[in-house]
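Everything quoted here is computed from the prediction, not taken from an experiment. All ligand and atom numbering here is 1-based and tracks the order in the structure.
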Amino acid sequence: MHVLVTGGAGFIGSHLVAYHLERGDRVSIVDNLSTGSIKNIEPFLHNPAFQFYKADILLWDRLKEVVSQVERIYHMAAIVGVKKVLEDPRAVMATNIAATERVFRAVAEVRPDAQVTIASSSEVYGFNTKGGFSETDDIVLRSGARLRWCYAVTKLADEFLAYSFMYKSGINVVIARLFNTIGPRQRGKYGMVVPTFVRQAVNNQPLTIYGDGLQTRSFCDVRDTVVALELLASSPAANGEIVNVGNDQEISILALAALVSKRAGSSSPFVFLSCKEAYGMEIDEITHRRPILDKLHELTGFEPKWLLLDTLDNLISLERRRLETV
Ligand code: UDP
């Protein structure tokens with residue numbers, strides 16, 4: 001099979017590439033390396049089954065040519081991360097929606113039989129205070145100028161684009177609502193909490209807890225995430241469906257800080273920062289976020305294999321190794 005991964009040099013994208021190359025598939029990626037990194041794909045660059053197109057997905061002149069050659073597309077290219085979103089909301093609005101539309105137009109024109117999986121996000125559940133989210137839950141977005149939600153709006157737009165192209169052009173689409181994903185190659189630069197805490201703990205710097213730390217998240221190891229995405233893409237029953245993808249083990253940010261600190265044997269203190277201090281503005285903090293995974297399980301039989309503890313140990317040892325080589 002020939003697979004196209006947009007945003008293939010990104011954190012999740014590069015794990016999808018590794019997964020498919022290991023299975024013997026051909027993989028092409030397009031990435032402009034804005035948030036993705038050449039380091040993420042370095043191990044594949046000399047693999048004859050791998051092709052890297054360095055281009056902005058909005059302008060890539062070979063999009064149709066490559067789309068016409070592939071059986072499957074994972075559309076992962078997007079601007080992500082709360083800090084990145086607040087830093088440049090105009091780019092988020094422009095890129096995330098237009099890129100998805102461009103990909104779907106190309107598929108409809110030259111490869112309408114391709115299978116497309118798009119990366120939506122748990123952010124679309126918005127300010128719904130329920131905590132455990134299932135796919136049929138209402139979307140609650142706050143009105144007023146809260147820039148945080150522009151990312152959710154783009155991902156919702158992507159979902160509706162997917163439905164429109166499914167309805168009008170008969171394209172096979174799975175919409176994966178990705179919950180917090182962690183693992184090797186994720187960077188903390190744009191706010192992601194786990195790589196930030198791991199770096200801080202290993203370097204004996206203070207762990208920065210935003211708010212009171214009682215907010216909870218459920219973290220899924222990316223090596224589980226890519227298995228779930230592949231299973232969904234291969235499952236005819238998942239065609240046309242919105243499906244939560246994640247791990248439902250829930251932990252408070254304070255407990256996470258304590259766990260990372262303990263596993264790293266760190267003596268770092270905790271510092272508590274208000275949202276304003278952390279992000280430079282007030283944002284609507286999501287107090288609880290946990291995926292309800294019944295649909296994913298029913299469609300694919302998927303069960304995550306990685307425990308949070310094992311991922312943290314793995315990330316701590318990778319960070320130590322990174323420090324030894326710099
Ligand atoms: N967070 C934190 N310290 C950090 C970075 C993030 O306490 O250095 C908190 C953040 O406020 C949020 C949670 O950790 O409550 C998860 O943040 P992340 O940006 O990783 O994901 P998201 O908010 O999109 O779920």
Looking at [Y], is its backbone amide N or carbonyl O close enough to the side chain of [X] to form a donor-acceptor pair, meaning the two atoms are under 3.5 Å apart?
{"X": "Glu71", "Y": "His2", "value": "yes"}
{"X": "Asp31", "Y": "Thr6", "value": "no"}
{"X": "Asn239", "Y": "Pro236", "value": "no"}

Arg26 atom CZ, over 12 foreign heavy atoms within 6.0 Å: no
For ligand 1, the residues whose heavy atoms come within less than 4.0 Å (ordered by chain, then number):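 Within the 4.0 Å shell of ligand 1, which is judged on heavy atoms, sit Val82, Arg148, Asn180, Gly191, Met192, Val193, Thr196, Phe197, Thr208, Ile209, Tyr210, Gln215, Arg217, Ile253, Tyr279, Glu285, Arg289.
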Row check, Tyr53 ring normal vs Arg62 NZ/CZ: under 6.0 Å, within 45°: no
Leu229 side chain reached by Tyr74 side chain, heavy atoms, under 4.5 Å: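 Tyr74 reaches Leu229 side chain to side chain.
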